[in-house]
Engineer: 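Encoded as structure tokens, here's the structure I'll be asking about.
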Amino acid sequence: MRIGIVISNAATTSPTHSTVHIAQAALEAGHSVRFIEPWDFEISPDGRLWARAHCFDAPTGSRDELASRLALRQTERLTVEIRLLDRLLLRANPLHEAIQSIARLAQAEGVPVLNPPEALIHCSHKGWLATLPGVPRPETLITRSRAAAERFSASVDAAVVKPARACGGKGVSLIRGGRGLQEAISLAQRVGDGYIVMQRYLPEAALGEKRLLWLDGALIGGYLRQRAPGEFRHNLKAGGTPAALQTSRDRTLQDQVQEQQIIDTLTPHLRRYGIWFAGVDVIGDQVVEVNVLNPGGLHWSSVFAGAALAPLLIDHLQRPAPSPPGLSSFSTGAQ
């Protein structure tokens, strides 16, 4: 296969990134990989869609070498016609409107795009999780109203306030007893699209947050993120520490059953939108986020599993390409 991967910036590539794991697994399986940055696309005068890509046609020896060559731009650069790609993976975050538009053009030329751009518009907004029936989640409010936020804050002992569109723990605050709410709202609104998410704080967060990896209905792995001393966020960029799920305190067979049940309840919702790969963040037995835009977690999940997980994604990519979901299937109540 010829696999195109849209990334945010080659210069920031790291060997721990899930995108690098995917690319290395693809190369080792005999496929070619074309990394495309957001500014690399163009449409020629004859209406054809092209991209100036960083090209790999054989394994580099290691993920470290692949990431280094990409970050230092020490790769062959070729102009590739997008319609000749077998798959186009969207791994850029944020997903700018220009990329969404280009991805739709690629779909129109028959290129399977994963995760589909139409799905990302819906599912990458944190408000989407709050609408899903049957999925266990903390009590949640999505709003731009400070008065509504104050009412919600008064109804819970503590709440996490975060932007509805953001990543990496940016703009996230923990408030108790309503103290600092206005400042938390202002911070979240500066980072995101103006809408904020308020979730009831879960005391089980002290034991860590799980990142579970969902691949078209299957739970393929995961790991535990433990927060740094004095920090309430579990993000690795905020000082969080990765650990094996097996090190989670009092982890039992019941925990594993709960994790599978969470995956099972999310699966019909993710499949409805044509999602291929997602990261699911869980505290206790509650889903706090679903990550469909450049989901990560392959590196540490593979480390603690003692086996590479990215080949599972490449095996899945080799299946017959699914048809992109129609916009009509996004209507309320569609299953």
Side-chain angles (χ1 to χ4, degrees), residues 17-19 21-22 89-91 93 114-116 119-120 122-140 142 160 162 164-169 172 197 199-200 202 204-205 207-227 233-237 240 242-246 248 251 254-305 309-310 312-313 316:
H17 287 173
S18 291
T19 300
H21 277 258
I22 293 169
L89 309 185
L90 299 184
R91 301 284 302 173
N93 191 359
L114 300 168
N115 287 317
L120 294 181
H122 293 262
C123 305
S124 65
H125 193 281
K126 292 182 174 62
W128 178 67
L129 172 61
T131 70
L132 302 183
V135 177
R137 58 183 181 273
E139 187 178 356
T140 303
I142 316 294
V160 175
K162 51 190 173 182
R165 284 199 186 277
C167 63
V172 182
V197 179
Q199 287 182 332
R200 180 176 62 84
L202 300 173
E204 296 88 346
L207 302 178
E209 177 183 271
K210 302 172 187 175
R211 163 58 62 90
L212 305 179
L213 300 182
W214 180 96
L215 177 64
D216 193 23
L219 173 59
I220 64 168
Y223 72 102
L224 185 72
R225 297 185 292 195
Q226 298 172 318
R227 60 196 185 188
R233 296 171 298 174
H234 299 90
N235 308 76
L236 300 187
K237 292 182 178 179
L245 286 176
Q246 288 75 10
S248 177
R251 178 172 168 80
Q254 181 180 359
D255 294 309
Q256 298 175 52
V257 171
Q258 286 178 341
E259 291 160 9
Q260 187 60 56
Q261 288 175 338
I262 286 171
I263 293 299
D264 292 342
T265 60
L266 275 171
T267 290
H269 301 295
L270 290 165
R271 281 182 169 167
R272 169 187 166 193
Y273 287 89
I275 297 297
W276 164 62
F277 180 49
V280 182
D281 293 341
V282 177
I283 293 177
D285 60 355
Q286 304 285 297
V287 180
V288 294
E289 282 193 23
V290 179
N291 302 272
V292 299
L293 184 60
N294 192 22
L298 278 173
H299 178 76
W300 290 110
S301 297
S302 297
V303 167
F304 295 122
L309 298 178
L312 297 176
L313 277 70
H316 190 276

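Predicted model, so just to flag it, every value in this text is computed and none were measured. Just the heavy atoms: all of them, side chains too, but no hydrogens, waters or symmetry mates, feed the values below. Throughout, residue positions are numbered sequentially from 1 according to the sequence presented.
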Engineer: Not counting sequence neighbours, which residues clear ring pair (Phe, Tyr, Trp, His ring centres under 6.0 Å) with His21? List them please.
Structural biologist: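 Applying ring pair (Phe, Tyr, Trp, His ring centres under 6.0 Å) to His21 gives His299.
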Engineer: Going by the rule side chain to side chain donor-acceptor pair (under 3.5 Å), which residues pair with Ser124 if we only count those two or more places apart in sequence or in a different chain?
Structural biologist: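 Once residues adjacent in sequence are excluded, the partners of Ser124 under the side chain to side chain donor-acceptor pair (under 3.5 Å) criterion are Arg165.
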Engineer: So, Arg233 side chain and Arg227 main chain: donor-acceptor pair closer than 3.5 Å or not?
Structural biologist: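 Judged by distance alone, no pair lies under 3.5 Å.
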Engineer: If we only count heavy atoms from C-beta on, is the Leu270 to Cys123 side-chain gap below 4.5 Å?
Structural biologist: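 A side-chain contact under 4.5 Å is absent here.
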Engineer: Keeping Ser301 on the side-chain end and Leu298 on the backbone end, is there a donor-acceptor pair under 3.5 Å?
Structural biologist: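 Flag not set: sc Ser301 to bb Leu298 has no pair under 3.5 Å.
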Engineer: In chain order, what residues pass the side chain to side chain contact (heavy atoms under 4.5 Å, CB included) check against Arg200, with sequence neighbours excluded?
Structural biologist: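 Arg200 satisfies side chain to side chain contact (heavy atoms under 4.5 Å, CB included) with Glu139, Val156, Leu202 once adjacent residues are dropped.
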Engineer: Rounded to the nearest 0.5 Å, what separation is found between the CH2 atom of Trp300 and the CG atom of Leu245?
Structural biologist: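 One gets 14.0 Å once the value is rounded to the nearest 0.5 Å.
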Engineer: Could you pull out the closest heavy-atom pair between Ala243 and Gln226, with the gap in Å?
Structural biologist: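 For Ala243 versus Gln226, the nearest heavy atoms are CB-OE1, 3.8 Å.
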Engineer: Does Pro133 offer a backbone N or O that forms a donor-acceptor pair with the side chain of His269 under 3.5 Å?
Structural biologist: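 Yes, the answer is positive, given that a donor and an acceptor are paired below the 3.5 Å cut-off.
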Engineer: Using the rule given for side chain to side chain contact (heavy atoms under 4.5 Å, CB included), can you reason through Ile220 versus Leu313, listing the C-alpha separation, both sets of side-chain angles and the distance that settles it, and then say yes or no?
Structural biologist: CA-CA 10 Å; Ile220 64 168; Leu313 277 70; 3.7 Å; yes
Engineer: Answer whether the closest heavy-atom distance between the side chains of Pro242 and Phe304 falls below 4.5 Å.
Structural biologist: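 Yes - at least one pair of side-chain heavy atoms lies under 4.5 Å apart.
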Engineer: Please work out which of the three classes, parallel, tilted or perpendicular, describes the rings of His122 and Tyr273, given edges at 30° and 60°.
Structural biologist: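 Plane angle between 30° and 60°, so tilted.
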Engineer: Among residues at least two apart in sequence or on other chains, which ones pass salt bridge (Lys or Arg N to Asp or Glu O under 4.0 Å) with Arg91?
Structural biologist: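 Checked Arg91 against salt bridge (Lys or Arg N to Asp or Glu O under 4.0 Å); zero matches.
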Engineer: Rounded to the nearest 0.5 Å, how far apart are CD1 of Ile22 and CG of Leu312?
Structural biologist: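 Reported to 0.5 Å precision, the distance equals 11.5 Å.
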Engineer: Does any part of the side chain of Trp276, heavy atoms only, come nearer than 4.5 Å to the side chain of Leu89, both counted from C-beta?
Structural biologist: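 Heavy-atom side-chain distance check passes, below 4.5 Å.
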Engineer: Quick one: list whatever passes side chain to side chain contact (heavy atoms under 4.5 Å, CB included) with Gln260, sequence neighbours left out.
Structural biologist: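 Side chain to side chain contact (heavy atoms under 4.5 Å, CB included) check on Gln260 returns Leu219, Ile263, Asp264.
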Engineer: Quick one: pull up NE2 in His316 and CG in Leu215 and give me the separation to the nearest 0.5 Å.
Structural biologist: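 Those atoms lie 5.0 Å apart.
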Engineer: Quick check: closest heavy atoms across Ser18 and Gly296, and the distance to 0.1 Å?
Structural biologist: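 Heavy atoms of Ser18 and Gly296 come nearest at OG-CA, 3.3 Å.
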Engineer: Can you name the side chain to side chain contact (heavy atoms under 4.5 Å, CB included) partners of Thr265, sequence neighbours left out?
Structural biologist: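 If we apply the side chain to side chain contact (heavy atoms under 4.5 Å, CB included) test to Thr265, skipping adjacent residues, the hits are Val135, Pro136.
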Engineer: Can you name the residues that form a salt bridge (Lys or Arg N to Asp or Glu O under 4.0 Å) with Arg225, not counting sequence neighbours?
Structural biologist: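 Salt bridge (Lys or Arg N to Asp or Glu O under 4.0 Å) list for Arg225, sorted by chain: Glu209, Asp281.
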Engineer: Taking Thr19's backbone N and O only, do any of them form a donor-acceptor pair with His17's side chain (distance below 3.5 Å, no angle check)?
Structural biologist: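 Checking the backbone N and O of Thr19 against the side chain of His17, no donor-acceptor pair under 3.5 Å is found.
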Engineer: Residues in side chain to side chain donor-acceptor pair (under 3.5 Å) with Thr140, at least two apart?
Structural biologist: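 In terms of side chain to side chain donor-acceptor pair (under 3.5 Å), with neighbours along the sequence ignored, Thr140 is linked to no residue.
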Engineer: Would you please test Val292 and Phe277 for side chain to side chain contact (heavy atoms under 4.5 Å, CB included) and show each step?
Structural biologist: CA-CA 7 Å; Val292 299; Phe277 180 49; over 6 Å; no
Engineer: Distance-only criterion, 3.5 Å: show the donor-acceptor pairs between side-chain atoms of residues 283-290 and protein atoms not counting sequence neighbours.
Structural biologist:
from   : atom 1 : to     : atom 2 : distance (Å)
Gln286 : OE1    : Arg137 : N      : 3.1
Glu289 : OE2    : Lys162 : NZ     : 3.1

Engineer: Can you tell me how far CG of Leu266 sits from CG of Leu132, rounded to the nearest 0.5 angstrom?
Structural biologist: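 Result: 7.0 Å between the selected atoms.
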Engineer: Minimum heavy-atom separation for Leu212 to Val282, with atom names?
Structural biologist: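 The pair with the smallest heavy-atom distance is CD1-CG2, 3.9 Å.
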